[in-house]
Number of protein chains: 2
Amino acid sequence: MKTPRTRIQKKNTEAILEAALDVFSAEGFKGATLDKIAKRAELSKPNLLYYFPSKEAIYVALLGHLMDTWMDPLKEMRDGGDPVEEIVAYVLRKLEMSRKFPRESRLFANEIVRGAPHIRDMIDGPLSELMAEKAALIRGWVKAGQIADVDGYHLIFSIWATTQHYADFDVQVRGLLRPKGDAHFSDAAKFLEGFYRRALRPN
Amino acid sequence: MKTPRTRIQKKNTEAILEAALDVFSAEGFKGATLDKIAKRAELSKPNLLYYFPSKEAIYVALLGHLMDTWMDPLKEMRDGGDPVEEIVAYVLRKLEMSRKFPRESRLFANEIVRGAPHIRDMIDGPLSELMAEKAALIRGWVKAGQIADVDGYHLIFSIWATTQHYADFDVQVRGLLRPKGDAHFSDAAKFLEGFYRRALRPN
DNA sequence: GTCTATAAGGTGATAGAC
DNA sequence: GTCTATCACCTTATAGAC
């Protein structure tokens with residue numbers, strides 16, 4: 001990505017990333033074309049390639065740009081207060097991310113289903129460390145008898161899975177529930193809250 | 001798909017579908033090429049197109065071929081016996097599907113993330129009916145006080161999400177757990193079994 | 001039924017004018 | 001910085017020999 005200097009450059013760079021998020025999340029890396037991204041960003045195709053050297057560069061910039069946002073909700077799960085409430089709060093934050101940022105969720109889903117060729121390093125590095133830290137936190141809660149005996153890794157996997165499902169499989173969820181707008185998200189929140197509360201309650 | 005008449009035709013048709021499952025599940029519809037499928041099926045590219053009229057025809061045949069297999073575990077969840085055990089058994093069947101058929105899971109994941117352009121009818125038709133039936137079954141169990149008060153649709157979504165996660169996000173799961181082979185699946189089974197049992201236990 | 005050759009169209013990226 | 005024109009490549013699909 002060209003480091004934006006003028007106001008126009010900043011605006012165009014942002015327009016490109018916004019358009020790229022639209023197209024890559026909906027069609028995957030291969031399915032996306034520079035034509036579609038250019039049209040949505042209201043730029044010519046060569047002009048896209050003035051700001052980014054290649055299609056892959058746009059994709060990588062987008063993933064890097066969003067990675068931190070994606071890991072933030074988990075970072076906020078901390079010790080202090082009631083562990084069950086801490087975990088339930090994380091579940092609800094993550095579900096809210098699915099509601100507000102479904103394209104971002106699908107972008108990562110696409111990338112990981114394909115074997116995560118562009119973010120392997122992120123998974124093996126920063127995400128792995130964050131995961132280890134939070135799994136240890138959960139282990140501590142289990143040992144202190146504050147929550148039921150669960151494995152931290154699989155608990156977090158289950159939270160990712162259940163919440164991202166509403167973004168990644170949106171079409172299926174809507175096809176089966178036929179909700180008006182996002183109405184089903186409050187049902188999902190109610191379900192998940194009760195579910196995790198019961199499953200985590202000690203003894 | 002050509003209706004297989006000779007032994008050779010049957011063998012080739014199967015080889016094509018097997019190769020197509022490999023390639024489509026790993027690369028998505030757009031990312032897959034006839035070259036890759038032909039090479040893996042050990043046929044020439046025009047020979048592929050002798051058996052199937054187009055790339056899309058192979059893809060559609062594959063999805064149709066696998067749809068029933070994919071819905072079967074849910075069909076087997078029935079009334080009779082302890083409802084909690086019935087649901088837990090479904091969870092474990094579904095997890096076993098993720099272990100044994102990860103490519104199939106990723107094929108559907110790819111398709112649905114992209115908006116399910118080829119299986120919309122299946123979702124709105126047969127799957128919708130099956131879902132309604134099983135949601136009603138769960139509602140009955142709730143009303144009889146045999147399981148905790150949960151919404152059937154969201155319960156089934158959570159089961160799909162948590163179990164398919166181990167197939168669809170396999171790379172991420174392995175990157176974080178570094179398991180030997182499929183060793184982590186028994187941990188996942190243990191986690192999910194305990195989790196659903198506690199969450200569903202009435203009062 | 002299976003092959004080689006190739007048509008036809010799309011796509012990422014570059015050249016060069018302005 | 002942005003555009004028009006275009007190249008080089010890849011991919012689906014077909015033609016036609018055997």
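Each chain gets a letter, A, B and so on, in the order the sequences are listed, and its residues count up from 1.
For residues 102-113 of chain B, the pairs satisfying salt bridge (Lys or Arg N to Asp or Glu O under 4.0 Å) are B/Glu18-B/Arg103, B/Asp22-B/Arg103, with sequence neighbours left out.
A salt bridge between A/Arg99 and A/Glu96 is present, with a side-chain N of the basic residue lying under 4.0 Å from a carboxylate O of the acidic one. Checked for salt-bridge contact, A/Asp124 and B/Arg174 miss the test: no charged N lies under 4.0 Å from a carboxylate O.
Whole-Å rounding puts the B/Glu27 CD to D/dT11 C1' distance at 14 Å. When rounded to the nearest whole Å, the span between CG of B/Leu48 and C1' of C/dC3 equals 13 Å. As rounded to whole Å, 12 Å separates atom P of D/dC3 from atom OH of A/Tyr50. For the pair A/Ile8 CD1 and D/dT2 P, the computed distance is 6 Å after rounding to whole Å.
Using modelled atom types, one finds no donor on one side chain facing an acceptor on the other under 3.5 Å when comparing A/Tyr166 with A/Ser105.
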Sugar-phosphate means primed atoms, P, OP1 and OP2; the rest is base. With that split, encode nucleotides 12-18 of chain C 5' to 3' as B, S or - using protein heavy atoms under 4.0 Å. BBB----

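Note: A/Tyr59 and A/His118 have perpendicular aromatic rings, judged against thresholds of 30 and 60 degrees for the angle between ring planes.
Among the protein residues, A/Leu43 comes within range of no part of the nucleic acid, since none of its heavy atoms lies under 4.0 Å from any strand.
For the pair A/Asn47 and D/dT4, the criterion of a side-chain N or O lying under 4.0 Å from OP1 or OP2 is not met. Side-chain nitrogen and oxygen atoms of A/Ser44 include at least one within less than 4.0 Å of the OP1 or OP2 phosphate oxygen of D/dC3.
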Mind listing the side-chain donor-acceptor pairs of residues 67-81 of chain B below 3.5 Å, one per line with the distance, residues two or more places apart or on another chain?
{"from": "B/Glu76", "atom 1": "OE1", "to": "B/Arg93", "atom 2": "NE", "distance (Å)": "3.4"}
{"from": "B/Asp79", "atom 1": "OD1", "to": "B/Trp141", "atom 2": "NE1", "distance (Å)": "3.0"}

